[in-house]
Amino acid sequence: MRPLAALIGEIGDGALLAVPPDYSGVAMAATRALIRRGVRGLRLLAVPQSGLQTDLLIGAGCVAAVESAAVSLGDLGPAPRFTAAVLARRIAMTDSTCPAIHAALQATEKGVPFFPLRGLIGSDVLRFRPDWRVIDNPFAGGDPIVLLPAIAPEVALFHAPFADRAGNVWIGRRRELVSMAHAADKTLVTVEEVVDGNLMDDQTLAAGVLPALYVAGVAQAPKGAWPLGLAGRYPPDRAHLARYAELAKSEAGFARYLAEHADAAQAAE
Amino acid sequence: MSEPGWSKAELLVAVLARMLDGLGHVAVGAASPIPGAAAFLAQARAARAMRVTVLGSESHNDFTDGGRELFDCAAQGRIDAFFLGGGQIDGQANLNLVGCGDYPDLTVRFPGSYGSAYLYFLIPRVILFREEHSARVLVPKVDFISAPGVSPPEVYRPGGPHALVTSKAVFAFERERGGFRLASVHPGIGVDEVTAQTGFAFERPAQVPTTPAPEAETLALIRGPVGAALAEVYPRFAATLRRHGEAS
């Protein structure tokens with residue numbers, strides 16, 4: 001176990017940082033700590049889409065680039081800081097599609113340079129991706145198929161219900177977190193609680209464990225996904241999220257939100 | 001004219017559910033309460049078991065392999081129907097979920113393409129659902145193609161658009177021709193109004209039928225078991241369905 005500040009110290013300026021979607025265990029306490037530290041130039045990879053976390057980091061000036069299938073606050077509407085930054089061309093936006101991000105991470109999991117994927121042909125998503133290729137299926141012919149280069153994030157960051165002291169992290173059925181961790185050089189995790197014993201000793205638990213083999217560091221952060229939810233633990237704080245969606249519509253409102261929730265006064269988090 | 005005994009949302013749920021009857025597995029994306037209700041309605045009256053997968057749900061989602069499983073499942077042909085929308089939809093059923101303007105120089109930014117650039121190719125019956133029926137949404141040509149409505153014959157494409165449902169009308173998509181045909185207009189909506197508010201050209205029969213209103217049994221299901229099933233994922237929407245039931 002490490003203190004949160006030490007954990008996020010592993011995330012340097014300009015890092016290619018993989019993050020999960022809002023429903024999958026987002027390390028929000030760690031994100032606020034990164035903002036307080038003044039991280040710059042992050043290149044975010046949303047696996048495969050993102051919301052509050054990406055909007056907050058963009059608004060706070062921490063982000064140079066985003067690759068994602070979508071960025072939105074869900075039924076609370078558009079992600080306002082993301083939208084403003086993309087329209088002003090302040091960040092480099094790389095539009096993708098959900099399965100392409102999953103597949104590009106799977107390529108890295110397998111240690112192969114690319115992955116083929118159906119769909120995409122005839123879309124502008126493909127047309128604006130000079131890094132993607134279309135080849136003819138070498139086994140059949142007359143069957144065009146897209147190839148995606150592997151993506152290897154420098155860091156994967158997420159929040160999970162619990163871990164043991166050996167660094168085994170229980171993620172349950174949220175297996176996109178496993179893909180992220182397998183593909184990333186370094187995986188950093190915050191958890192609600194640290195449990196006694198070794199999670200790998202219990203076969204029922206072990207099936208839902210990301211083994212310490214893939215985990216570079218764990219820090220305890222109770223309610224660490226707040227104001228987002230953590231499945232099985234707590235729901236999203238809808239009133240708070242609605243207030244964020246409203247405040248973040250303007251630069252001034254966003255600055256007020258940051259001052260309330262991510263300035264030095266909350267450094268104890 | 002007296003108030004009908006159903007809401008616009010209930011009409012749309014009933015319309016969408018008719019397109020799902022008899023299918024084996026229907027998947028619904030996040031933040032889609034009306035399609036979600038339609039899937040549960042079709043499930044509630046299905047003669048053989050229908051599986052409904054709601055993304056973002058804990059209890060109506062059997063996936064255990066992470067975010068990629070929906071896409072793998074679709075590519076294997078294990079999902080029969082899905083819903084997509086779009087900030088812009090054109091007459092060839094091209095979808096734009098990215099933005100307006102000359103990409104990447106956009107004047108309006110939408111969230112992004114999500115899985116549309118893939119699922120539209122692979123799921124046999126993709127139903128386009130967009131409540132707003134206006135020339136702003138239903139355009140002659142989308143500014144950005146997140147997912148194309150039709151593909152050349154050499155492109156692997158078992159899936160594609162089936163129909164477009166809005167707050168005013170139902171269009172069927174004719175894949176051979178690559179265009180929409182007006183199938184029905186909702187009660188109280190005129191064909192002229194639909195034509196005026198639709199930015200793309202479409203075929204229409206000489207006599208355009210009126211979308212059938214939901215039957216009493218359908219309304220009872222929507223206000224009972226469907227609302228209960230929806231409550232976990234869409235608590236606010238489910239509450240409006242139940243309130244309407246109590247008021248009627």
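Proteins get letters first, then strands, A, B, ... in listed order; numbering begins at 1 in each.
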Worksheet item: Got a donor-acceptor contact below 3.5 angstrom from the B:Glu154 side chain to the A:Gly142 backbone?
Response: no

Donor-acceptor pairs under 3.5 angstrom involving side-chain atoms of residues 96-104 of chain A: please list them, not counting sequence neighbours.
| residue | atom | partner | partner atom | Å |
| --- | --- | --- | --- | --- |
| A:Thr97 | OG1 | B:Tyr114 | O | 2.5 |

Worksheet item: Hey, are A:Asp75 and B:Tyr234 close enough side-chain-wise for a donor-acceptor pair under 3.5 Å?
Response: no

Practice prompt. Check whether any side-chain heavy atom of A:Leu87 lies under 4.5 Å from a side-chain heavy atom of B:Thr107, and answer yes or no.
Written response: no

Discussion item. If the contact rule is any heavy atom under 4.5 Å from chain B, which residues of residues 112-129 of chain A qualify, in numerical order?
Written reply: A:Leu117, A:Arg118, A:Gly119, A:Leu120, A:Ile121, A:Gly122, A:Ser123, A:Asp124, A:Val125, A:Phe128

Fill in: Heavy-atom neighbours of B:Arg181 CZ exceed 12 at 6.0 Å
yes

Worksheet item: Counting only heavy atoms not in B:Lys141, do more than 12 sit closer than 6.0 Å to its NZ atom?
Response: yes

Practice prompt. Run the numbers on A:Asn137 and B:Tyr156 for side chain to side chain donor-acceptor pair (under 3.5 Å), then give the verdict.
Written response: CA-CA 11 Å; A:Asn137 172 356; B:Tyr156 178 79; over 6 Å; no

Worksheet item: Has B:Arg175 got more than 12 heavy atoms of other residues, nucleotides or ligands less than 6.0 Å from its CZ?
Response: yes

Fill in: Atom CZ of B:Arg51: over 12 foreign heavy atoms under 6.0 Å
no

Fill in: Residue B:Leu122 versus chain A: region with a heavy atom under 4.5 Å
side chain

Discussion item. Under 4.0 Å between a side-chain nitrogen and a carboxylate oxygen: does that hold for B:Asp62 and A:Arg173?
Written reply: no

Discussion item. Any donor-acceptor pair under 3.5 Å linking the side-chain atoms of A:Ser179 with those of B:Arg68?
Written reply: yes

Item to complete: Kindly determine whether B:Phe110 and A:Thr83 satisfy side-chain contact (heavy atoms from CB on, under 4.5 Å), including the steps that lead there.
Response: CA-CA 8 Å; B:Phe110 307 137; A:Thr83 306; over 6 Å; no

Practice prompt. May I ask you to name which of A:Pro144, A:Gly172, A:Pro48 has the most heavy-atom pairs under 4.5 Å with chain B?
Written response: A:Pro144

Worksheet, complete the sentence: Among B:Asp72, B:Val108, B:Thr64, the residue with the most heavy-atom pairs under 4.5 Å to chain A is B:Thr64

Discussion item. Quick check on B:Tyr120 against chain A: is it the side chain, the backbone, both or neither that has a heavy atom closer than 4.5 Å?
Written reply: neither

Worksheet entry | Residue, of B:Ala147, B:Ser151, B:Ser146, that accumulates the most heavy atom pairs under 4.5 Å with chain A | B:Ser146

Discussion item. Please classify the contact between B:Asp105 and chain A as side chain, backbone, both or neither, with a heavy-atom cut-off of under 4.5 Å.
Written reply: both

Worksheet entry | Beyond-backbone contact of A:Arg175 with B:Phe63, side-chain heavy atoms, under 4.5 angstrom | no

Worksheet item: Are B:Pro104 and A:Met93 side-chain neighbours, meaning at least one heavy-atom pair lies under 4.5 Å?
Response: no

